[in-house]
Structures are given as structure tokens and as C-alpha cells.
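Each remark here refers to the structure printed beneath this line.
Quick note on labels: first sequence line is chain A, next is B, and so on, each numbered from 1. The figures here come from the full heavy-atom set of this structure, side chains too, leaving out hydrogens, waters and symmetry mates. Quick caveat: nothing in here was measured; it's all calculated off a predicted structure.
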Amino acid sequence: MTSVIQNARVLQDDFLPKEIVHRHEAVNQMSKALEPVLEDDRPQDTFLVGPSGAGKTCIARYTVDQLQEQVLDIKSHYIDCWQHSNRFRVLYKILEGVKTSYDIHRSTPEDEMIARIQSVDSPYLLILDEVDQLDDMEVLRKLYPMPHITMVLIANRREEVLSTLDERLQSRLRSSVTIRFDRYTQAELVSLLDDRITWGLAPDTITTDQVHRIADVAAGNARDAISILRSAARNADHEGASEIRDSDISSAIPAAREELHEQNLKKLNEDQHAVYDILTDEGELPPNEIYDLYADRVSEPKTKRTVRTYLRKLEDYDLVRATGNGPNRTYEARDR
DNA sequence: CCTCCACCGGAACGGAGGGGGA
DNA sequence: TCCCCCTCCGTTCCGGTGGAGG
């Protein structure tokens, strides 16, 4: 029994290819900034900015890995600030990277954690992904003066991060190396997909046309493209097909979106869900009506202020779209 | 142009809950 | 065991913002 998927690992979001198909320029810039670490010198902090799915995370991890292969005594750690957005968690993850988090607990004083980070004696490259999601930039200020720590910051927009910092830190970070990423072109996405297909799928299980179709739909977003490919291949396997059919791709497109949607829905609590359900049931609504319906629906409604926070969160998750300002503002559920 | 109004989101506060240490 | 310290979550208060309408 042959199957379409040969190596599922290769199709995962966080799979790191051995070779970078594109973005050589970005890799070069970044290595150049970090290379001083090889000569025992202080590397430059770097800022990777650009839209999602443009390869920022991949390039950052790849480049750091490469450096680590050359010099053993470099530590590094990848932290997704979306998942670890508060100070404690970030500090904890940093310590995890140097294997000294074993006895850290919720009540460990922050100073203690900072002191431990400070006592690391070898270079430490810290990748902070989605750094704009950090709810307290104080961490950055604490980390910046530490000579052995080099930060690689990843965000959609550079100014969005900088504007939340105090002036001193701002001006220091402005002098860091900034590498800008654009969306992948159609051709780049195709070859990127081809690469995954070669290692991840059995030979001749997908046509060139199909790959192009995926690349079109993904609109420059590599994460989406890979997600659609993965979903189509799974679907073909699931139905016992020996190759990917057009129908697998057709259903993979909404399925890939659905997957993200489901992941986001799972993160919501009961009240947040109620707010979201109201918007899917009723369509577009102004805030006060949302609140009234919400208050009817749940037995112990939270305050308006809290619901505002919920709506903001739903917006961040792309579950809800807000239009208009002031009294004209309305919200609606996003169609998947 | 000015004022009103609905709404936004920051700040400060406090209670609940969890975990370590005496 | 109790106490302390920490985070998490929701609350109250409030200044800011941008349309609508005089």
C-alpha cells in the first residue's frame, strides 16, 4: 500500500529545510550581522520585518542554526511571543534556552531570573518572534544591556514595535540591522513547494498545474501554501488515492483556512465564544447591540469594557472584522 | 467650526488561585 | 500548615478620537 505522503515531517509548519531555496540575500545580511560572534566579538542585533508567511521565522532559525554549527559554544533559543506574551514566560523561556529553568516557579522573583540570565558566560542569540505581541516591552530593556545577549526581533512592522519603546531603547534598536521581507512571488512559492514535495511526497503524486494553483491561492504566503499542500496530501491519503486529485486541492483550500480558524476558536473562553456566536448569527452589528445580545445570552455577563477587550482579541485572531470609527463602528464575523 | 455622543483602549486596582518556603 | 509572592482576569475610571448635526 503506497501513500502520497512519504515524510510528514517535511510538511509541518515548523520544518526547517537544510537548504534555503530563496532569500539568500536575507541569509547573507543576517549572517553578516551575527558573524562577529565567531570572532568572540559582539554581534549586531537584527530586526526582521515583513508580512506573515514571508519566511522571516524560517530564515532566522536557519541562520542561527548555521552559526551554531560553526561554533559550539553559542547558545540560542527561539521564543514565540504570541504564545509567551508576558514577562515571566519570556524570561522563563530564555532560561530554558540555557538549561537553568529547572527550579523556576511562578513565585521566583524577577530579579533572580534576570541575574541568572546575566550570569550566562557564552554568547546567546535570542530569536523573539512576533515581538509586537509582547505585552510588556520592559523585558527588552532588561535584556538589551547584557553584553552576551544578541536579539533577533521578528515583527510585521518595525515602527509598530519601536513606537512602544522608550526613547533610549528606541534609538539603540534603530541602529540594529533591519532586514525587510516581501511576500514570495508566485515563482518562488512554486519552487519552495517543489522542494517540500520532493522530500515529503512520493514521486509523481502532484502535477505542475496543481502546484501552480496552490501557489496562486496562497498569494505569497508560504505558510498558507504549505498548509494547503499538507491538507491536500492528507486528504488524498485518507481516501486511499495514489495521487493528489484536483478535488483534494479544492477542499484543501477551505480546509487550510478552517484549520487556522479552528485553532483560533479553541483559544476562546465561554464569554468570548458567546460574542463570536452572536456575530456569526446576526451578521454585522454595532458595539452596543453586540453587548445587549451578549448580556441576554449569558447568565453572568461581563462588563462592556471586558467585551471590548474580547472584541479586540477576536480581531487579532482574524475572527472578526471591525469597520468604521466612533459611533459608526460595526463588527462582523469574518467568513473563512 | 463646535459640541455631543458612542466607542476605544490605557491605567490602576483587587480578588482568586497557585506554588514555594518557613 | 500558613504566609507570601506572583500571575491572571475582570472591574472602574477616564482621557482621547472621529462622525453627526447644529
Subject >> Atom-to-atom span, OH of A:Y92 to P of C:dT7 - whole angstrom >> reply: 15 Å
Original post:
Roughly how many Å is it from NZ in A:K313 to C1' in B:dG10, rounded to a whole number?
Top reply: 17 Å
Would you list the protein and nucleotides 18-22 of chain C atom pairs, both N or O, that sit under 3.5 Å from each other?
from   : atom 1 : to     : atom 2 : distance (Å)
C:dG19 : O3'    : A:N328 : ND2    : 2.5
C:dA20 : OP1    : A:N328 : ND2    : 3.0

Subject >> From CA spacing to verdict: side chain to side chain donor-acceptor pair (under 3.5 Å), A:T309, A:T306 >> reply: CA-CA 5 Å; A:T309 307; A:T306 301; 5.7 Å; no
Original post:
How would you list, by chain and number, every residue that makes a salt bridge (charged side-chain N to carboxylate O under 4.0 Å, His left out) with A:R308, sequence neighbours excluded?
Top reply: none
Subject >> Under 3.5 Å side-chain donor-acceptor pair for A:S231 and A:E259 >> reply: no
Subject >> Side-chain heavy atoms of A:P17 within contact of A:R196, under 4.5 Å >> reply: yes
Original post:
With sequence neighbours excluded, what pairs up with A:H148 under the side-chain hydrogen bond (donor to acceptor under 3.5 Å, both in side chains) test?
Top reply: none
**OP:** Determine, for A:Y78 and A:R61, whether the Lys NZ or Arg CZ falls below 6.0 Å from the six-membered ring centre while staying within 45 degrees of the axis.
**Re:** yes
Original post:
Are A:S247 and A:S250 close enough that a side-chain donor and a side-chain acceptor fall under 3.5 Å?
Top reply: no
Original post:
Between A:R23 and A:Y184, is NZ or CZ placed under 6.0 angstrom from the six-membered ring centre and within 45° of the ring axis?
Top reply: yes
Original post:
Where along residues 290-312 of chain A does a heavy atom fall under 4.0 Å from DNA chain B?
Top reply: A:R305, A:R308, A:R312
Subject >> Terminal helix-axis angle for the helix from B:dC1-C:dG22 to B:dA22-C:dT1, with five pairs defining each axis and rounding to 10 degrees >> reply: 10°
Original post:
Roughly, in whole Å, what's the span from NZ in A:K267 to P in C:dC8?
Top reply: 16 Å
**OP:** Over 60° means perpendicular and under 30° means parallel, so classify the ring planes of A:H273 and A:Y276, tilted if in between.
**Re:** perpendicular
**OP:** Can you run down the salt bridge (charged side-chain N to carboxylate O under 4.0 Å, His left out) pairs that involve residues 260-276 of chain A, sequence neighbours left out, and say none if there aren't any?
**Re:** A:D271-A:K302
